[in-house]
Amino acid sequence: MSDQKRLFLVDAYALIFRGYYAFIKNPRINSKGEDTSAIMGFMNSLLDVIKRERPDHLGVCFDKGGSADRVEMFEAYKANRDETPEGIKTAIPHIHNILKAMHIPIMVKEGYEADDVIGTLSRQAEKEGYKTYMVTPDKDFAQLVTDNIFMYRPVFGGGYETWGIPEVQKKFEVTDPLQVIDFLGMMGDSSDNIPGLPGVGEKTAKKFIAQFGSMEGLLANTDQLKGKMKEKVEANGELGLLSKKLATIMLDVPVTFDAKDFELDHPNIEAVKQIFQDLEFRRLTENFLKTFAGNGETAPTETSVAPAETKTTPKPTSSAGAGQFSLFGNEEEDTAEVVSEYTRKTSETAPHFYQYINTPSSKRLFIKSLLQQPSVCFDTETTGLNPLTAELVGIAFSWETGKGFYLPFPEDKNESQNLIEDLRPFFENENIEKIGQNLKYDIKVLAKYNIDVKGKLFDTMLAHYLINPDMRHNMDVLAETYLNYTPISITELIGKKGKNQLSMREVDLEKQTEYAVEDADITLQLKEHFQNELGEANTQKLFDDIEIPLLRVLAAMEIEGINLDKKFLNSLSEDLNNDITNLEKKIYDAAGEEFNIASPKQLGVILFEKLKLVDKPKKTKTGQYATSEDILSYLAKEHEIIQNILDFRGLSKLKSTYVDALPKQVEESTGRVHTDYMQTVAATGRLSSNNPNLQNIPIRTERGRQVRKAFVPRNEDYTLLAADYSQIELRIIAALSKEKTMIEAFKNGEDIHASTASKVFNIPINEVSREQRSNAKTVNFGIIYGVSAFGLSNQTNLSRSESKELIDTYYATYPQLRNYISEQVDFARDNGYVQTVLGRRRYLKDINSRNAVVRGAAERNAVNAPIQGSAADIIKIAMINIYNKLNEGDFKTKMLLQVHDELVFDVYKPELETIKTLVKTEMENAYKLEVPLDVDLDIGDNWLEAH
DNA sequence: TGCAATGCATA
DNA sequence: GTATGCATTGCAA
């Protein structure tokens, strides 16, 4: 290091925010309830810098009142910043006091940001021969870097890096640090609300800088750009220049650098100690004393100080007197055996008392108390996500906000089973309400331990799904939205998934307790919140009568799984492989060389450069040749190779998505495929299926439908039964719209598409041509989706005007249908939502949008959601009723799958006739409409035959 | 390694 | 035109 004098200018807020958020998961709270995270974080950084660098000149700069100039230029500047957190606001006066006691100058200038103050001072200091180090993590400062001005950046995980000109050149790919301004102006900065150029991100900005040197250079040479980018940049030149101005740090703040103001003086040790003591900083006090020992003239030998106090282990506030927080009420026995107690505060919530239970007597007390509760929230912790293989690690319980218990489970199977037996009286008690988040999971886990969860259920995930189906429903989101509370993240506990992820069992008991009971506690609080809202949205019945009972039905279906003929799929895979290889050969022959057909890049070169199939081939936005399905189909007549390529793609898809993927999904422990039904993802009320998705097994093409042959009954004594609603959505729209003509057609059992064609084209039903029926069918479906003439002409061989005419005659034929559609849209406009026959709502916030495209989409939703959703409601009712009948009758037959309008059963052959009647009756009578519901039944030795 | 975009399977 | 899930690709981290 040279003898040149060195000035360190600290960007206070940047370090304060950084320090504050470093502790966000475990805020430092002292006994007075003050959140000292920000102070702690900032002081750690400051002492760290002093200790490492021993600066002779030092100042700390604060913002004050924001940047008046920038706001004047651009109203939205920094407008989307969240309110400064309370923990930071309260920290500022303390930090000021500490700095004063340390005799460190505080630089503030009303109406200017710290950036500007630091920029101005550093330039002045440079003239006086100083080297300036700007202490900040903020990349914006890179624009200030010169031969004598550096950034001194804290890096993640501790330590610092110094950025001089070479580092800035490398990081930003610029030749001059001043170009950082152009760079920031182009890509924008969402945290400061600097707009930047639309469509330009980091990569493009770097490219532009390399190509044009500056924002002005870019704007002057837009002729060198192409496509969308050219349009966007040209249209937003003004915005670009403004963004550049906003990103520019000012160098003319009215401040004067006077070296003696910044000399690092001896701190008033006693005063600092006193402040630290008041704040209850112990390690920091030691750190401070060490840093300034001997007036700082004998520099400590250590080269780095680990960011102190970042360990996450919570400290029990006391080890004695555990009984004082006991939830056991007036039990006479001691509760000292409740070993752990942990108190956690956040700024928003009251203290939490979470206890784990691992002694016989505390367990006895706990269970006694548990059984006296009318309503309990619980949450199971397991070794994995698959409930069929996961083992219990513990169960958390809570029945009072902020309090709860955790019962850890031993690894040994027998011991674990013994422990769960102690809880059987609770879980199987009909009179205790069980509350949980995604109870289907817990019920499935407990089922593996032969526990049948009985009594009333309240699932917060399902409740929220009904309250707001368009949102997501995971607990973290719900807690943040409704309770203003951030739960401990699972990642924090067990690590990122992959290499070093722990199992829940490997986590310390205290942390398990903290995490698990917090979940139960929060879920309980969410329940309080949601149960009122359900009433307000009028969805209480839907919750009690449909979604909650369905949860048990789905759990049973998922546990049951379906038998899969792996051998069959393997042979199918070989067949496909042969065909694919043959196609490959043909393609290579035609191409004259071997290449990767799956790579669009290589394929493009072959088709358009080598074979020159087209004069001027289309390119994608990335500059590749376009080889998508529609383009290739269009070219199919040009060359035989094209059809082969299309076939190759189709077969590869079939093979990878179904034929090869399904056998891998067979659960080893059961030998069956267990899909997971998601009850809360489809905004309309439908279920969805995943891991694997059994709701999209091919059926349309001959080749694809072969996959269905692999779904087979459990053994020779069983057969598969598929029961599907015929035209349920059209029946629903006919009934809801009270369209007499269509209702009559259904009542008479007519072929509805032929019937529609006959009326629309005004010909007898038996003279309807194939094409006419097909067009009528397309319109019938189109109505359900909210047709447009444009969409229709895309689907049929009709022109746009023919399509329009067809739609017009269609509406003339079914006038009530048209009325119904406009009524739905009106209802949505007035109420902001539409609803199904059972009152399931879908909110349509865009229904009054001024943007016609956005509004149009909402209008189509207004038509479709009640139809699709009512069909979903109806089949859900049927499922619940059938499930109950199967249980009551002690049938061996099981319901296995649901595919929106179809149910699949594994039928015990002797029960076949009874089951056929039962299923058909329950499905057809699940809900009374003015139109009869009709169910087709088919049986077979596999899912294809049963169709 | 994780993400969005694309393409395609179903109702 | 509605509603989903998943495999692959290509790009960003």
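These figures come from a predicted structure and were not determined experimentally.
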Looking for any heavy atom pair under 4.0 Å, which part of the strands does Arg842(A) touch: base, sugar-phosphate only, or nothing? sugar-phosphate
Whole-Å distance separating the CG atom of Asp936(A) from the P atom of dA11(B): 13 Å
Could you check how far OH of Tyr658(A) sits from C1' of dC8(B), rounded to whole Å? 7 Å
Report the relative orientation of the aromatic rings in His947(A) and Trp943(A); use parallel for angles under 30°, tilted for 30 to 60°, perpendicular for over 60°. tilted
Note: His900(A) and Leu687(A) closest approach over all heavy atoms is CE1-O, 3.5 Å
Quick check: any donor-acceptor pair below 3.5 Å linking the side-chain of Gln695(A) to the base of dT10(B)? no
Looking only at dT4(C), dA11(B), dA3(C), the nucleotide nearest the Ser688(A) side chain is dT4(C)
Nucleotide of dC6(C), dA3(C), dG1(C) approaching Tyr785(A) most closely (side-chain heavy atoms): dG1(C)
What nucleotide, of dG5(C), dA3(C), dA11(B), holds the atom closest to the side chain of Ala682(A)? dA3(C)
Considering every strand and a 4.0 Å limit on heavy-atom distances, what is the contact class for Ala872(A): base, sugar-phosphate, or nothing? nothing
Would you kindly compare Asn690(A) and Thr684(A) by the position of their nearest DNA chain C nucleotide and give the one closer to the 5′ end? Thr684(A)
dA11(B) phosphate, OP1 or OP2, under 4.0 Å from Arg700(A) side-chain N/O: yes
Rounded to whole Å, how long is the line connecting atom CG of Leu687(A) with atom P of dA3(C)? 16 Å
If you check every side-chain atom of Ser656(A), which of dA7(C), dT4(C), dA11(B) has the closest atom? dA7(C)
Nearest 0.5 Å, what's the CD-NZ distance between Gln679(A) and Lys440(A)? 7.0 Å
Write down the distance between CZ (Arg649(A)) and P (dA7(C)), rounded to a whole number of angstrom. 18 Å
So Ile867(A), base contact, sugar-phosphate only, or nothing? Heavy-atom distance under 4.0 Å. nothing
Applying a 4.0 Å non-hydrogen cut-off, can you work out what Thr778(A) is touching in the nucleic acid: base, sugar-phosphate, or nothing? base
Base, sugar-phosphate alone, or nothing: which one does Val863(A) contact when heavy atoms must sit under 4.0 Å apart? nothing
If I take atom CD in residue Glu702(A) and atom P in nucleotide dA9(B), what distance separates them, rounded to the nearest angstrom? 15 Å
Nearest whole Å is fine: how far is dT1(B) C1' from Gln501(A) CD? 14 Å
Can a side-chain donor-acceptor contact be found between Gln824(A) and Glu859(A) if the only test is distance below 3.5 angstrom? no
Rounding to a whole Å, what distance do you find between Leu730(A):CG and dT2(C):P? 17 Å
For a quick check of understanding: with a heavy-atom distance under 4.0 Å over all strands, which category does Asn696(A) fall into, base, sugar-phosphate or nothing? base
Please state whether the base of dA11(B) and the side chain of Arg686(A) form at least one donor-acceptor pair under 3.5 Å? yes
Between Ile752(A), Leu736(A), Val931(A), Ile874(A), which is the residue that forms a side chain to side chain contact (heavy atoms under 4.5 Å, CB included) with Arg731(A)? Val931(A)
With no hydrogens and no angle check, do the side chains of Gln643(A) and Asp647(A) hold a donor and an acceptor under 3.5 Å apart? yes
Asp901(A) has an atom CG; how far is it from atom P of dT4(C), in whole Å? 16 Å
Over all strands shown, is Ile697(A) touching base, sugar-phosphate only, or nothing at heavy-atom distances under 4.0 angstrom? sugar-phosphate
Give the nucleotide from the list dA7(C), dT2(C), dT10(B) with an atom nearest to the side chain of Lys653(A). dA7(C)
